[in-house]
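See structure below.
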Protein chains: 2
Amino acid sequence: MATAEVPRTLTDKSARTQERIRAAAARILSERGIATARLGDIAAAAGVQAPAIYYYYASREELIEDVIRLGQIGTEARVTQAIEELDGHTPALEKICVAVEAHLRALHELSDYTTAAVRNVGQMPTEMRERMRADQRRYGRVWKRLFEQARDQGELRAGLDLRTAQLLVIGALNWTPEWWADSRVPLETLVTTACELTRHGLASDPVAP
Amino acid sequence: MATAEVPRTLTDKSARTQERIRAAAARILSERGIATARLGDIAAAAGVQAPAIYYYYASREELIEDVIRLGQIGTEARVTQAIEELDGHTPALEKICVAVEAHLRALHELSDYTTAAVRNVGQMPTEMRERMRADQRRYGRVWKRLFEQARDQGELRAGLDLRTAQLLVIGALNWTPEWWADSRVPLETLVTTACELTRHGLASDPVAP
DNA sequence: GTCTATATCTTGATAGAC
DNA sequence: GTCTATCAAGATATAGAC
């Protein structure tokens, strides 16, 4: 975690203040884009003055990167855990559905961090993006493995371009923060619809209900 | 078109310069986000100095809004035209595929305007977003009609939430600018994969190849 | 029509008091 | 640890020459 060099324990006031700042930054980043997220606004939302942020972070960029990274890692953790909890004999296509559900729930249930990460991926300055690349690739490989398993077990429709299909599915999920909050649709409906679309979209055979 | 109040014909130098400025803004907005798009960079890309922009636009915001609106309208025009060119007896599900293809081609073939529009939808300041809402709703209704037709003709799987399915499909397409440029996949592969996923994802019956 | 020069405003960041 | 006060940088926007 990229904090300033001030040593301190997890139980004191300081840690709570940093958490407030981080959470405020996550909320603002999840609503607006990186560039419109002003330090002053973040500080106000956290109930401190702007300079207080510099006690915890060396720069605005460091704070933003911390938030996005936490969101990224949090999503991966959720999805990975959901998959690992599955029975060893679960069909690969079913695993993909579980990943779809976990990714969606991370985005909309877990916290502002995940939404902040997704909505700002394309807006990161170059160096930040490069530092983040390793995390992104690792998460991408989680999905890649699922798709390869499904293909190897003959569950995918023949001729499907694996990588393209994978990125289209993830894209459908990652775009949901742009519209779901305004919609009157319950999260359950979003989850089941996304699973249905994905399963039938990818499956080689008509899918049992 | 939101230009300044200086009257002039379409054939003179002035119109060409404005077009250069607008195109430069579109390119920069399609690469970075709204907030990192500096007026100076746009001017440089257009081959003028920053103050020259104010001969054509009253403010930075007006220029950006012009670009996004053109992209939005351009996408809708492409999709609408592609659908209207179809034979009257085309199945509704096939129409949706044509819309998917047209939307993707508008994004990746047509111009920077469309990509600029999609990548910056979520970053617009409040008032700009409100002014743009009518255009967005109109485009949404184009898709909505397609989905309703498909449902009414029994081509959609029963129990599918129409609006959610529609927004997931469009989301998958709108997210492609985040990754497709780096990918080594030809546009044709992207188009056919997206059509396949959509068709099988939505269809009530196994789809003929 | 487009430029140079400059005014003005916003915001990230620092200094130092408490 | 957090604040007030302030600086420095960078951006939008304007004035006025050409």
Side-chain angles (χ1 to χ4, degrees), chain A residues 2-25 28-29 32-68 120 123-128, chain B residues 1-25 28-29 32-67 120 123-128:
Chain A
T3 62
E5 64 280 351
V6 185
R8 88 202 82 80
T9 69
L10 279 171
T11 50
D12 65 3
K13 180 180 169 195
S14 173
R16 288 198 306 274
T17 304
Q18 182 180 26
E19 178 53 35
R20 281 211 324 277
I21 292 172
R22 208 157 39 191
I28 289 185
L29 281 174
R32 327 180 205 161
I34 279 186
T36 39
R38 286 187 288 274
L39 267 189
D41 298 341
I42 293 172
V48 296
Q49 296 296 317
I53 293 177
Y54 288 90
Y55 180 76
Y56 301 97
Y57 292 96
S59 68
R60 172 181 183 270
E61 237 190 36
E62 206 180 82
L63 166 60
I64 290 175
E65 185 168 336
D66 196 21
V67 167
I68 294 183
N120 290 285
Q123 301 178 55
M124 290 187 289
T126 323
E127 311 91 42
M128 194 188 292
Chain B
M1 195 160 28
T3 60
E5 64 281 350
V6 185
R8 87 201 82 80
T9 70
L10 279 170
T11 50
D12 66 3
K13 181 180 170 194
S14 174
R16 288 198 305 274
T17 303
Q18 183 181 25
E19 176 54 35
R20 280 208 328 273
I21 291 172
R22 207 158 39 195
I28 289 185
L29 281 174
R32 327 180 204 162
I34 278 187
T36 39
R38 285 187 289 274
L39 224 39
D41 297 343
I42 294 173
V48 298
Q49 296 297 315
I53 293 177
Y54 287 89
Y55 180 76
Y56 303 97
Y57 292 96
S59 69
R60 172 181 182 271
E61 234 187 40
E62 206 179 82
L63 165 60
I64 289 176
E65 185 168 337
D66 196 21
V67 167
N120 289 286
Q123 300 177 55
M124 290 187 290
T126 324
E127 311 92 42
M128 194 187 291

Seminar exercise, completed: Residues passing the salt bridge (charged side-chain N to carboxylate O under 4.0 Å, His left out) test with B/Arg32, sequence neighbours excluded, are B/Asp41
Problem set entry | B/Arg22 side chain near B/Asp66 side chain, heavy-atom distance below 4.5 Å | yes
Exercise. Does a side-chain heavy-atom distance below 4.5 Å link A/Gln18 with A/Tyr57?
Worked result: yes
Gap separating the [atom1] atom of [X] from the [atom2] atom of [Y], nearest 0.5 angstrom:
X: B/Lys13; Y: B/Thr17; atom1: NZ; atom2: OG1; result: 6.0 Å
X: A/Tyr56; Y: A/Glu62; atom1: OH; atom2: CD; result: 14.0 Å
X: B/Leu29; Y: B/Gln123; atom1: CG; atom2: CD; result: 9.0 Å

Roughly how many Å is it from [atom1] in [X] to [atom2] in [N], rounded to a whole number?
X: B/Ile21; N: C/dG1; atom1: CD1; atom2: P; answer: 13 Å
X: B/Ile53; N: D/dA13; atom1: CD1; atom2: P; answer: 10 Å
X: B/Arg38; N: D/dT12; atom1: CZ; atom2: C1'; answer: 13 Å
X: B/Arg60; N: C/dT10; atom1: CZ; atom2: P; answer: 14 Å
X: A/Leu63; N: C/dA13; atom1: CG; atom2: P; answer: 10 Å
X: B/Ile64; N: D/dT12; atom1: CD1; atom2: C1'; answer: 11 Å

For this session: Name all residues meeting the side-chain contact (heavy atoms from CB on, under 4.5 Å) criterion together with B/Ala23; count only those two or more places apart in sequence or in a different chain, and write none if there are none.
Result: B/Glu19, B/Tyr113
For this session: Can you sort out the partners of B/Ala45 under side-chain contact (heavy atoms from CB on, under 4.5 Å), two or more places apart, ordered by chain and number?
Result: B/Ala24, B/Arg27, B/Ile28
For this session: Check step by step if side-chain contact (heavy atoms from CB on, under 4.5 Å) holds for A/Ile42 and A/Leu63.
Result: CA-CA 10 Å; A/Ile42 293 172; A/Leu63 166 60; 4.3 Å; yes
For this session: Could you identify which residues of residues 39-48 of chain B place a heavy atom less than 4.0 Å from some atom of DNA chain C, listed by residue number, or say none?
Result: B/Val48
Exercise. If you look at every heavy atom in A/Glu61 and A/Pro125, which pair is closest and at what distance?
Worked result: OE2-CG, 3.5 Å
Exercise. Among C/dC3, D/dT2, D/dA13, which nucleotide sits nearest the side chain of B/Gln49?
Worked result: C/dC3
For this session: Please determine if a side-chain N or O atom of A/Tyr55 lies less than 4.0 Å away from the OP1 or OP2 oxygen of D/dC3.
Result: no
Exercise. Taking only side-chain nitrogens and oxygens of B/Thr17, does any of them come within less than 4.0 Å of OP1 or OP2 of C/dG1?
Worked result: no
For this session: Would you please test A/Ile34 and A/Ile68 for side-chain contact (heavy atoms from CB on, under 4.5 Å) and show each step?
Result: CA-CA 10 Å; A/Ile34 279 186; A/Ile68 294 183; 4.2 Å; yes
Is there any protein nitrogen or oxygen under 3.5 Å from a nitrogen or oxygen in nucleotides 14-18 of chain D, and what are the pairs?
none

Contacts under 3.5 Å, N or O only, protein and nucleotides 6-9 of chain C:
none

